[in-house]
Protein chains: 2
Amino acid sequence: MTLRADARRNRDLLVAAAIAVVAEEGPDASLNEIARRAGVGPGTLYRHFPTRDALLAAVFEGRLSRLCEQSEELAESKPPGEALIAWLRLLTVHAMTDQGLGARMMLPTPAAGVDCWTMLRTAADRLLLPAQSEGRVRPDIDFTDLVELTAGIARSAPDPARADRLLTLTLDGLRTGHVAQRTEKQ
Amino acid sequence: MTLRADARRNRDLLVAAAIAVVAEEGPDASLNEIARRAGVGPGTLYRHFPTRDALLAAVFEGRLSRLCEQSEELAESKPPGEALIAWLRLLTVHAMTDQGLGARMMLPTPAAGVDCWTMLRTAADRLLLPAQSEGRVRPDIDFTDLVELTAGIARSAPDPARADRLLTLTLDGLRTGHVAQRTEKQ
DNA sequence: ACCTGAACACCGTTCAAGT
DNA sequence: ACCTGAACACCGTTCAAGT
């Protein structure tokens, strides 16, 4: 189960290199380039990460764990409704970094390992469920709805400011008791 | 301005081949493969379409013009609010075909020619503006908002049924006079 | 057990040579 | 004026050979 010392070291080198290269060139960065930067043969990369998404999941892990911490902090420091919304804003920002690495890993990509998905789910549910039982968010909203909507926004918005606007527009449909401003003439 | 006969013929062959290949393999399909299928050298493809997006724009053109027609039809057959919503559903479906070719071309990609963008804009505004002046849609909503939101949904939804749900959720934030169902307990 | 790196088929892109 | 297709540098991926 536990890796040999040199294998472990190579794995770490690969992830570190991947973090750097993906930050520069995004999630479609060259795998050979990552291996080169790690000082390792391409075969070694494939041994540790059989698929591109497996490697990207490792890169995303750090960002994801921060997102979980922030979810806990918000759960304690803010009332349910506000906490969820604040966290969704953070989620959108994270989804846009590294040329959309986040938005790509947030959706359940086959063979990326389900770890990401379940980590995200617990982080989100921690804020969503209370918000719903307090009647601040529609009860028929799902974790999946939240993730797909924010991932979509992150993918299509040209910059963070636009993403924030689109999120606000979408939230006006999620929040209970919110009445969209009326402008009817009849 | 007008092309020589053989040039014209090659252009048509390329677009036809591109339509077929993109339908099979999506917008990241191999350009060499498209040239091969058109019975033409790769250089000829580059001569007619200097960039991948230029070729994809030509492929998308047919779909786009249908979308414009449908916009006109809906403008005549339905009241403003319903017409817009019906068209947004069509837009979402079109954005999901060919592995997301639509969602890609709907956003203003540099050097795809602005034609797509303006065609889409007139089609959308034809339905959006009346819906707004009748007070069915918030007045602060923009054409850009609409396109980015639907493109985002199309990119993140795993299938058309999910896309439809996400669109409905989003619409509940766009429609005026809609009160999200209340479930408050306090 | 794990690593290496040469090798294969393919890709996007260019450009001299043709007609 | 336009087309051709060989050529280049690169990519993802594999796998015999090494330690």
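Quantities reported herein were computed from a predicted structural model and do not represent experimental measurements. Here is how names work: the chains are called A, B, and so on, in the same order as the sequence lines, proteins then strands, and each is numbered from 1.
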> What is the separation between atom OH on B:Tyr46 and atom P on D:dA6, rounded to the nearest whole Å?
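Value for this atom pair: 17 Å.
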> With the side chain counted from C-beta on, respond yes when B:Glu61 and B:Val15 share a heavy-atom pair under 4.5 Å apart, and no when they do not.
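No, their side chains stay 4.5 Å or more apart.
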> Nearest-Å distance, CG (A:Leu31) to C1' (C:dC11)?
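Value for this atom pair: 15 Å.
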> Provide the Watson-Crick or G-U wobble partner of C:dT19, both distances under 3.5 Å; none if there is no partner.
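Partner of C:dT19: D:dA1.
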> Taking for each residue the nucleotide of DNA chain D bearing the nearest heavy atom, is the 5' side occupied by A:Glu33 or by A:Gly43?
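Comparing both residues, the 5'-ward one is A:Glu33.
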> Round to the nearest Å and state the distance from A:Leu45 atom CG to D:dG12 atom C1'.
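Nearest whole value for this atom pair: 11 Å.
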> Measure from the side-chain heavy atoms of B:Ala7 and tell me the nearest of D:dC3, C:dG12, D:dT13.
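Closest nucleotide to the B:Ala7 side chain: D:dC3.
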> Look at B:Asn32 and C:dC10 and indicate whether a side-chain polar atom (N or O) is within less than 4.0 Å of OP1 or OP2.
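No, because none of the side-chain N or O atoms of B:Asn32 sits under 4.0 Å from OP1 or OP2 of C:dC10.
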> Starting at CD1 of B:Ile34 and ending at C1' of C:dC10, how long is that distance when rounded to a whole Å?
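Those two atoms, CD1 and C1', are 15 Å apart.
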> Rounding to an integer number of Å, can you tell me how far B:Phe49 CZ sits from D:dC2 C1'?
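About 15 Å, once rounded to whole Å.
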> Is A:Leu146 close to A:Leu84 at the side-chain level, that is, under 4.5 Å between some pair of heavy atoms?
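Of all side-chain heavy-atom pairs linking A:Leu146 with A:Leu84, at least one is under 4.5 Å.
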> Does a side-chain N or O of B:His48 approach OP1 or OP2 of D:dC3 to a distance below 4.0 Å, or not?
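Affirmative; the distance criterion is met.
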> Could you tell me whether A:Ala35 contacts a base, only the sugar-phosphate backbone, or nothing, with contacts defined as non-hydrogen atoms closer than 4.0 Å?
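Nothing: the residue A:Ala35, judged by heavy atoms under 4.0 Å, touches no strand.
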> On the nucleotide D:dC10, are OP1 or OP2 found under 4.0 Å from the side-chain N or O atoms that A:Arg36 carries?
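No, outside the criterion.
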> Side-chain contact, heavy-atom cut-off 4.5 Å: A:Leu13 with A:Arg37?
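Sidechains of A:Arg37 and A:Leu13: no contact.
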> Send over the distance from A:Arg52 CZ to D:dT14 P, rounded to a whole Å.
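My rounded result for the distance is 14 Å.
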> Return the nearest nucleotide to the side chain of B:Ser30; candidates are D:dC11, C:dC11, C:dA6.
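Minimum distance to the B:Ser30 side chain belongs to C:dC11.
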> Return the 5'-most residue of the pair A:Asp6, B:Arg4 with respect to DNA chain C, ranking by each residue's nearest nucleotide.
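The residue mapped nearer the 5' terminus is A:Asp6.
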> Any side-chain heavy atom of A:Gln70 within less than 4.5 Å of one from A:His94?
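Touching, per the 4.5 Å side-chain cut-off.
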> So if I apply the side-chain hydrogen bond (donor to acceptor under 3.5 Å, both in side chains) rule between B:Asp6 and each of B:Arg8, B:Arg4, B:Arg9, which one comes out positive?
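When side-chain hydrogen bond (donor to acceptor under 3.5 Å, both in side chains) is applied between B:Asp6 and each of B:Arg8, B:Arg4, B:Arg9, only B:Arg4 qualifies.
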> Side chain of B:Thr44: nearest nucleotide among C:dT13, D:dC11, D:dC3?
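My answer, after comparing the listed nucleotides, is D:dC3.
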> Can you tell me how far apart CE (B:Met106) and OG1 (B:Thr92) are? Round to the nearest 0.5 Å.
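Reported value, rounded in 0.5 Å steps: 7.0 Å.
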> Suppose we define a pair by two distances each less than 3.5 Å, Watson-Crick or G-U wobble; what does D:dT14 pair with here?
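Across all strands, the one nucleotide that pairs with D:dT14 is C:dA6.
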> In whole Å, what is the span from the CZ atom of A:Arg8 to the C1' atom of C:dA1?
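Atom CZ in A:Arg8 sits about 17 Å away from atom C1' in C:dA1.
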> Looking across every strand, which nucleic acid part, if any, lies under 4.0 Å from B:Ala29 by heavy atom: base, sugar-phosphate, or nothing?
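Sugar-phosphate contact only - B:Ala29 comes under 4.0 Å of backbone atoms but never of a base.
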> Would you say A:Asn10 reaches C:dC2's phosphate, i.e. side-chain N/O to OP1/OP2 under 4.0 Å?
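False: A:Asn10 side-chain N/O out of range (4.0 Å or more) of C:dC2 OP1/OP2.
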> Rounded to whole angstroms, how far apart are CZ on B:Arg47 and P on C:dG12?
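Going from B:Arg47 (CZ) to C:dG12 (P), I get 20 Å.
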> Check every atom of D:dT4, D:dG12, C:dT14 against the side chain of B:Val40 and return the nucleotide holding the closest atom.
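Among D:dT4, D:dG12, C:dT14, the one nearest the side chain of B:Val40 is D:dT4.
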